Amino acid sequence: MTEIKLEERITVALAKLILDPSAPPARHIAVGAASPMPAAACWLVKKQGNPVRLSLLHKRSGNPFTEGTRELFDLTGQGRIDLFFLGGGQIDGSANLNLVGTGEWPGMGVRFPGSFGSAFMYFMTPRTILFREEHTPRVFVEKVDNISAPGVSPPGVFRRGTAQALVTGRCVFRFHPDRARFSLESVHPGETVESVRDATGFAFDVAGDVPFTPDPTPEELALLRGPICDEMMETYPEFCTRVFGRKQAA
Amino acid sequence: MTEIKLEERITVALAKLILDPSAPPARHIAVGAASPMPAAACWLVKKQGNPVRLSLLHKRSGNPFTEGTRELFDLTGQGRIDLFFLGGGQIDGSANLNLVGTGEWPGMGVRFPGSFGSAFMYFMTPRTILFREEHTPRVFVEKVDNISAPGVSPPGVFRRGTAQALVTGRCVFRFHPDRARFSLESVHPGETVESVRDATGFAFDVAGDVPFTPDPTPEELALLRGPICDEMMETYPEFCTRVFGRKQAA
Amino acid sequence: MNPISLEALAAEVPDGAMLALPPDNSLPSVALAKALIRRGVRNLRLVGVPVSGFATDILIGAGCVTSVQTSAVSLGEAGFAPRFSAALRAGKIKVIDATCPAIHTMLQAAEKGVPFMPLRGLIGSDILANRPDWKVVPNPFATNGEDPIVLLPALNPDFVCFHALMADEEGNVWVGRRRECATIAHASKRALVTVERVVPGNFLEDERLASGAINATYISGIAIAERGARPVALLDEYGFDGAYVSEYARMARSEEGFAAWCAREVFEQKAQAAE
Amino acid sequence: MNPISLEALAAEVPDGAMLALPPDNSLPSVALAKALIRRGVRNLRLVGVPVSGFATDILIGAGCVTSVQTSAVSLGEAGFAPRFSAALRAGKIKVIDATCPAIHTMLQAAEKGVPFMPLRGLIGSDILANRPDWKVVPNPFATNGEDPIVLLPALNPDFVCFHALMADEEGNVWVGRRRECATIAHASKRALVTVERVVPGNFLEDERLASGAINATYISGIAIAERGARPVALLDEYGFDGAYVSEYARMARSEEGFAAWCAREVFEQKAQAAE
């Protein structure tokens, strides 16, 4: 077995969060565009034999939708999507997401692609798992420059759920909507509470000893590099080549 | 040529109203369920070579809609339907339509099938042609027992049009939305202003000499009994058998 | 998803359920309506999307129904729906009248997960006057004047039943152009579907079939019922059986006539089929 | 409806038009975008339904665009959209940010002919704070408390352009499962469509094809453009050309690079094809 890639570690950490027994069940998970690690994590959960329905937004053949991209949002509006994934160009300590850009609106510093469906999905999905591989103070900021989607909402605003957790290249944070703060759940091998704190622009809670994020097992790696890579080649050829070493067809 | 059936006369009168040069153009006409005479009139206009698009709601094969029955109402909401037809169990002198029933709501006297889309279509179509073969005081009443769709609306209420005319088994009325009254445009052969007045429960205007509704021409009758009957057999087999004498396939 | 028996599918619908049914031109499951009568379901609250036809009339005739929300009830060329009319007159059912686009709109609101949607028209109609659950508000986007507009609440039926042409191995069902069945399935808590047949493969993997398919995620149960729409037409599969409906319309004019029709066409036919 | 030439189709779009485009996973007409660049159209107000991709970036790069209303602009795995980013930074375009379901909802409002529709979410987002055309009202159906909800105005683009697999003799076009193209066509004043080919018959008469068809009543012009979505994928017809997009992303990092790409891929290719 070759070395464990960071993407593989993040993927397995995401899969564990999907299966978190303390969270409401994830019977139907949707994965948005440009989300190879969440997609791989969902496939891992499914290939491990868990009953789960996956709706992968950017799958070209066998796309699950017949009403176009609208259907994902309608499905979510109906309450049929239990779990979604979101990232962000900036994420702050209250789980506010900025997918628009830095500086003045609409991103006159560095423009990111845009908010996609985050301003809806974050409210209407019972569970959201946040992910961002780059763990630096420019990504994890004290306060985002622009809010694509807020981390928590005032009482009276219709909202089905908030972030469950945030998985990064250095650690796993748990989110606590009651106090709108993250706590450090585990650090990846090679990291410490202090190294994470140095790389994070927002304050977070630490309770007791923080364990290491467990390594992917050989079985998990075999699934990822074999059948899961097969499923993902069509949608994410560059990711599969870079992470799993799979050669692209000519 | 056999005798002219009343249904044929009504159909040709409807066709003339569709082509009325004083009205806005009818480029796209929709015909609802259970409307054989309006459907035949539209086919007559089309088979006479006029450029018109027909959307026939209850055609089984070659149905024009791909979003189900919703599409007719959406099309109309978009302003793409220029002309529609409505009937009524009761119609009054202000062109109010009752498709629900007589007596207390919701038709505790005689219940009619129901209002269908009238409460929307009557507002959102620039032109509506009303039709009802039975011309008696129980149909044409001073005031309908229940309003499925009102004939006119107060200023400020969004409305694209009103009734253009009302074609019956005895005559053709023109509608005047400015004064919310009908005027007698023509009487069918055998009828007089007085015979129409006796059969009508509402007051209407009469200006000068009222002409007879012209007979269908031999060309019109040939179109109706030939190619138009062909088009309509699938949707309206009983009508085609009764009016055009066409035998149904076993 | 494995098909279950028609009787097992009917057993899924509890007494008192709100049940949406498509009309006679849009894939009603007459087979399932008959199975519901055999099961003896009571107090159904039917929704006609957007109007009601044959299946609604027989369910009313059999005493299964307590209310009907619809824009019209009719047997088409065979005339008024006899058991509906009789039950209304006798005060046995509550009729909640609507207008076709309002039914569609209320379901689309549920499909999108919003509490309401606006609709033009309706103002000045007694339909509106008799719908305390519908509201008129000034259009917040009007630039001048009040511009009143009707807001309709989302409608989220407990069940929808319809008859699709076919199901695939994954439990997707195919309704072709009758896509209002998809909207109703999206808007309803559970969709129970009868089909002519189950075919191999996955409609969603086939670009030609995908657009007429409803994803299994919306489908709660499937039963095979050959000619399950009959006497209603099924796309290009079979036509409308006008003689069957005309005979029904004639017999169902009286309660006794309906009882005889029901004994023969709902109960005996099933007994024969089971032999 | 007889097909016209691609250049004639592009000539239908006047300067200043509001033009809706589907994203890279839903049948954009890259061929028509290139023809619009050749025609030299100016001041387009683009709408990404619900996001924007390759076609939007090349139109911006060629100076055809004055504003973009969208939920994101990206080249997918090839990264950020370089000409979009450069034009925003240089103040050459106005960006009106939205969120995906809001774009769909505004078009659905136009599709239904209502002035607005509600949408959940959004409250507390700076997207909302920067949309003076969106309103927050108390939900009129809320039983307790204020329950604020966002109302979005109907969006009625002047044009939509997309690439369908095929057209039939009647001018119906077939998009299969990419039915958002139908919604955009319904909501827009005019739909200009490129197709791979024109086939005999009438999709609406074929139960297998009807559900993926868009009725000709919504279509204002059709041109044949073989491989007209390229480099974007077209259903099961051809795949995504990642190398083409990667090369574009590399060249378009600079204005000069884009100009060279544009000269070669937009102007020369056409000249070659015309020979």
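Chain naming here is simple, since letters A, B, ... match the order of the sequence lines and numbering starts at 1 in each. From a predicted model like this one, the values you see are computed outputs, not experimental measurements.
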NZ/NE/NH1/NH2 to OD/OE distance under 4.0 Å, [X] and [Y]:
X: C:D206; Y: C:R208; result: no
X: C:D158; Y: C:R45; result: yes
X: C:R178; Y: D:E207; result: no

Under 4.5 Å from a heavy atom of chain D, the part of C:R179 involved
side chain

In terms of heavy-atom proximity below 4.5 Å to chain D, should C:L209 be classed as side chain, backbone, both, or neither?
side chain

From the list D:I149, D:V137, D:L151, D:D147, the residue making the most non-hydrogen contacts under 4.5 Å with chain C is D:L151

Ranked by heavy-atom pairs below 4.5 Å to chain C, first place among D:M117, D:R120, D:K135 goes to D:K135

Who among C:P118, C:A154, C:A109, C:G113 has the most heavy-atom pairs with chain D under 4.5 Å?
C:P118

In Å, rounded to the nearest 0.5 Å, how long is the span from CH2 of C:W134 to CD1 of C:I127?
6.5 Å

Ignoring hydrogens and angles, tell me if any N or O in the side chain of C:T105 forms a donor-acceptor pair with the backbone of C:P101 under 3.5 Å.
yes

